[in-house]
Amino acid sequence: MKKSLILTVFLLIILLLILWTILSIRSGSNSGLKMKDELSGEAFVKNQLYEKNGLIKTDLTNQSDIYLSESIGLWMEYLVEKSDQAEFDKQVKVLKKYFMNKSTLIPWLIEKNDPAPANALIDDLRIIHALQIAGENWNNKTYLNMAKKMSEELVKVNMLDGVFINHVDIKSQYKGDFLTLSYLVPDTLDYMYKENILQKDQYERNRNILLSAPLSENGFFPQNYYPNEKRYEYDKDINLIDQYYIGYHRALWGGDVSALVEFTKESLDEYDGVLYGRFSNETKQPIVQYEGASVYALAILMCLEIEEHELAKQLYESMKKHQINDESSKYYGGYIDLPSLVTHAFDNLLPLLAERKGIDEGVFE
């Protein structure tokens, strides 16, 4: 009887250890980080944009068989913010299987199983950042090794005269001759410098290109930089996605974004809480009548970084007006136009990130 009791206690201990292991995995694995609640936008991504193989559709209509490195990178960043290691693990497998065939450079697009010949710098940098933070949070050396190898390859082939370039042909390694300013991701460059992957002069040159970019007469950031000519280039028509990306990234490095903040406040006041997607660089007036959830999301991320919390709340309210809140709808949680079904992965993933950060920082309820 005594042996039977000991055996029973032993089995109970084993069962408790198994249960504890399962709960640890579900709540953030061995990091001790508790997984956060699912947001409604996440349900839309999983129910409408997710393929069975884990790839994320670009939209629900004419690009439903196109999969972007942009999408997997944003989704991985969100999963890290949510502390969802199980789902993150799945996306790493997707990344390896579909996007990383013969190189650590990531093709920017896959269409009908055919990868694009070139990468897009911002997506590679974003994925590296997600892998780095995931590796640190969950003590996962595989993620950290992937981040390091990807970084080393980018520095080796994706730079021109010490400056990162938009893209490079993955096979031939032929590269472009300009950098789109919004493509520089400060967190990743900080990591590369810390790990001695970027040399000090390389790090400082790229950082200064972003932080020293001169504003146009109406206060907009330049679009591109040509390192061989040491020249900035401005667009005639301003895409606010690029402006807020630049603003957010400058803010991450402590740069001045006051002109963009003032423009945001003026636009919301003048157009009844609306941020139109494109403006004229010459007249500072909107040249389109559409909005984009991603524009609001990027503006929110910038405002959260500089602690413009009231403005972030105003932008959040405007953004959420475009989300489907009817829980009985199959499109619940999506930033999608009904009944046309016009949407884009970008316009759903960026709002997820912005909302998650705002909630985590106690700015949004």
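Taking CD of Glu308 as the start and CD of Gln314 as the end, the distance is 10.5 Å to the nearest 0.5 Å. With rounding to the nearest 0.5 angstrom, the NZ atom of Lys149 is 9.0 Å from the CE atom of Met100. Taking CG of Leu353 as the start and OH of Tyr78 as the end, the distance is 8.5 Å to the nearest 0.5 Å.
For Glu38, the CD atom is densely surrounded, since the number of other residues' heavy atoms within 6.0 Å is greater than 12. At most 12 non-hydrogen atoms from other residues, nucleotides or ligands lie less than 6.0 angstrom from OH of Tyr174. Counting non-hydrogen atoms of neighbouring residues, nucleotides and ligands closer than 6.0 angstrom, the CD atom of Glu282 reaches no more than 12 such neighbours. Annotation for Glu365: atom CD does not count as buried by contact number, only 12 or fewer foreign heavy atoms lying within 6.0 Å. No more than 12 heavy-atom neighbours from other residues, nucleotides or ligands sit within 6.0 angstrom of CG on Asp37.
For the residue pair Tyr276 and Ser267, no side-chain donor N or O sits within less than 3.5 Å of a side-chain acceptor on the partner. Of the N and O atoms on the side chains of Asp169 and Ser172, at least one donor lies less than 3.5 Å from an acceptor on the other residue. Side chains of Ser258 and Asp256: a donor-acceptor N/O pair is present below 3.5 angstrom, by distance only. Between the side chains of Asn348 and Thr343, a donor-acceptor pair is found at a separation under 3.5 Å.
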Give the C-alpha distance, both sets of side-chain angles, the deciding distance and a yes or no for side chain to side chain contact (heavy atoms under 4.5 Å, CB included) between Leu304 and Ile300. CA-CA 6 Å; Leu304 291 174; Ile300 288 167; 3.8 Å; yes
Let me see the working for Glu77 and Lys82 under salt bridge (Lys or Arg N to Asp or Glu O under 4.0 Å), right down to the final yes or no. CA-CA 9 Å; Glu77 281 197 325; Lys82 188 194 173 191; over 6 Å; no
Stepwise, does the side chain to side chain contact (heavy atoms under 4.5 Å, CB included) test hold for Tyr245 with Leu181? CA-CA 9 Å; Tyr245 253 134; Leu181 294 191; over 6 Å; no
What's the verdict on side chain to side chain contact (heavy atoms under 4.5 Å, CB included) for Leu60 and Ile336, showing C-alpha distance, side-chain angles and the deciding distance? CA-CA 10 Å; Leu60 299 180; Ile336 181 171; 3.8 Å; yes
Under the side chain to side chain donor-acceptor pair (under 3.5 Å) criterion, do Tyr67 and Glu51 qualify, and how do the steps go? CA-CA 10 Å; Tyr67 312 102; Glu51 296 280 23; 2.7 Å; yes
Under the side chain to side chain contact (heavy atoms under 4.5 Å, CB included) criterion, do Val261 and Ile306 qualify, and how do the steps go? CA-CA 10 Å; Val261 170; Ile306 60 174; 3.5 Å; yes
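Pairs of residues two or more places apart, or lying in two chains, that qualify as side-chain hydrogen bond (donor to acceptor under 3.5 Å, both in side chains) and include a residue from residues 101-120 are Asn119-Asn158.
A donor-acceptor distance shorter than 3.5 angstrom exists from the side chain of Gln323 to the backbone of Gly333, with no hydrogens or angles considered. Tyr296 places a side-chain N or O within donor-acceptor distance of the main-chain N or O of Leu275, the cut-off being under 3.5 Å. Without hydrogens or angle criteria, Asp347 side chain to Ser294 main chain gives a donor-acceptor distance under 3.5 Å. Within the 3.5 Å criterion, the main-chain N or O of Asp237 finds no donor-acceptor partner in the side chain of Asn281. At distances below 3.5 Å, not a single donor-acceptor pair connects side-chain atoms of His344 with backbone N or O atoms of Asp59.
Between Arg126 and Glu70, no side-chain nitrogen of the basic residue sits less than 4.0 Å from a carboxylate oxygen of the acidic one, so the salt-bridge criterion is not met. Classification of Lys148 and Glu195 as a salt-bridged pair fails, no side-chain N sitting under 4.0 Å from a carboxylate O. A salt bridge links Asp360 with Arg356: the distance from a Lys NZ or Arg NE/NH1/NH2 to an Asp or Glu carboxylate oxygen falls below 4.0 Å. Between Lys313 and Glu310 a salt bridge is recorded (basic side-chain N to carboxylate O distance below 4.0 Å). With respect to Lys57 and Asp65, no salt bridge is recorded, no charged nitrogen being found less than 4.0 Å from a carboxylate O. Note on Glu42 versus Lys46: salt bridge recorded, some NZ/NE/NH1/NH2 to OD/OE distance being below 4.0 Å.
Between Leu184 and Asn206 the shortest side-chain heavy-atom distance falls below 4.5 Å. The side-chain heavy atoms of Leu341 and Leu338, taken from C-beta on, include a pair separated by under 4.5 Å. Residues Leu125 and His129 fail the side-chain proximity criterion, which asks for heavy atoms closer than 4.5 Å.
The two residues Asn325 and Tyr332 have their closest heavy-atom pair at O-CE1, 3.6 Å. Contact between Leu298 and Ile241 at its shortest, heavy atoms only, is CD1-O, 3.6 Å. Of all non-hydrogen atoms in Ser40 and Lys320, the two that sit nearest each other are OG-NZ, 4.5 Å.
With sequence neighbours excluded, the residues forming a side chain to side chain donor-acceptor pair (under 3.5 Å) with Tyr50 are Trp75, Glu87, Gln91, listed by chain and number.
Tracing side-chain contacts under 4.5 Å through hydrophobic residues (I, L, V, M, F, W, Y), one never reaches Leu144 starting from Met76; they form parts of separate clusters. Leu215 and Ile246 fall within a single hydrophobic cluster, where Ile, Leu, Val, Met, Phe, Trp and Tyr are joined by side-chain heavy atoms under 4.5 Å apart, directly or via other members. Leu55 and Leu68 are assigned to two separate hydrophobic clusters, defined by single-linkage of ILVMFWY side chains at heavy-atom distances under 4.5 Å. A continuous path of hydrophobic side-chain contacts links Leu210 to Val155 [ILVMFWY only; heavy atoms under 4.5 Å]. One hydrophobic cluster holds both Tyr193 and Val163 under the rule that ILVMFWY side chains link at heavy-atom gaps under 4.5 Å.
Ring-plane geometry between Phe263 and Phe220 is classed as perpendicular, the angle between the planes exceeding 60 degrees on a 0 to 90 degree scale with a lower cut at 30. Between Phe364 and Tyr316, the ring planes lie parallel to each other; the angle is under 30°, not in the 30° to 60° tilted range.
Screening Tyr183, Tyr234, Phe164, Tyr232 for a ring pair (Phe, Tyr, Trp, His ring centres under 6.0 Å) involving Tyr225 leaves a single residue, Tyr232.
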